[in-house]
Amino acid sequence: MNYKSKRLIITLAPPATAVLLFSLRKYILFITDFLPQCAFHRLTGLLCPGCGNTRAVKELLSFHLLTALRYNVTIPVLIIAAIVLYAQYVISSWVKPVRLMPDGKVFYISAVIAFFLYCIVRNIINFMP
């Protein structure tokens with residue numbers, strides 16, 4: 001397999017996966033009803049960093065972005081970051097090298113600090129519906 005065909009496969013795989021997930025969303029939503037509740041939340045009453053992720057994904061699959069953000073902001077933000085990185089890869093592979101996502105320790109350290117602050121603040125101010 002040559003470089004161009006590998007590049008084409010890698011370029012088309014994420015959109016094909018997204019289409020597959022959206023076509024199977026009824027089954028994915030059905031399966032999520034059988035997932036266990038968060039043990040950390042049940043024991044402490046506090047929200048762990050992952051609390052609300054399943055509900056956020058369910059809301060995203062139902063095209064309710066604002067409700068998904070209220071459950072847990074990390075999943076929508078990670079999806080947006082993945083889309084930006086994917087666009088960066090595709091543009092760099094087919095046209096010319098570009099940087100859409102900042103690259104540097106300061107950006108990533110700031111993102112991690114913001115995530116931890118979000119995890120603390122969401123236990124003080126309850127955003128969840």
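- Applying the ring pair (Phe, Tyr, Trp, His ring centres under 6.0 Å) test to Phe30 and every residue at least two apart in sequence or in another chain returns Phe34.
- Panel note: side chain Ser62, backbone His64; no donor-acceptor pair is recorded below 3.5 Å.
- A donor-acceptor pair is defined here as one N or O able to donate and one able to accept, closer than 3.5 Å; no such pair exists between the side chain of Asn53 and the backbone of Asn72.
- Heavy atoms of other residues, nucleotides or ligands lying less than 6.0 angstrom from CZ of Phe116 number 12 at most.
- To the nearest 0.5 Å, atom CG of residue Leu60 and atom CG of residue Leu21 are 12.0 Å apart.
- Side chain of Arg122 to backbone of Cys48: a donor-acceptor contact under 3.5 angstrom is found.
- Gln88 places a side-chain N or O within 3.5 Å of a backbone atom of Met101 that can act as its donor or acceptor partner.
- Atom OG1 of Thr74 is separated from atom CG of Leu69 by 10.0 Å, given to the nearest 0.5 angstrom.
- Atom CG in Leu85 sits 10.5 Å away from atom OG in Ser92 (nearest 0.5 Å).
- Residues passing the side-chain hydrogen bond (donor to acceptor under 3.5 Å, both in side chains) test with Thr54, sequence neighbours excluded: none.
- Shown here are the side-chain hydrogen bond (donor to acceptor under 3.5 Å, both in side chains) partners of Thr11, two or more places apart in sequence or in another chain: Trp94.
- Here the OH-CG distance, from Tyr86 to Leu100, works out to 13.0 Å after rounding to the nearest 0.5 Å.
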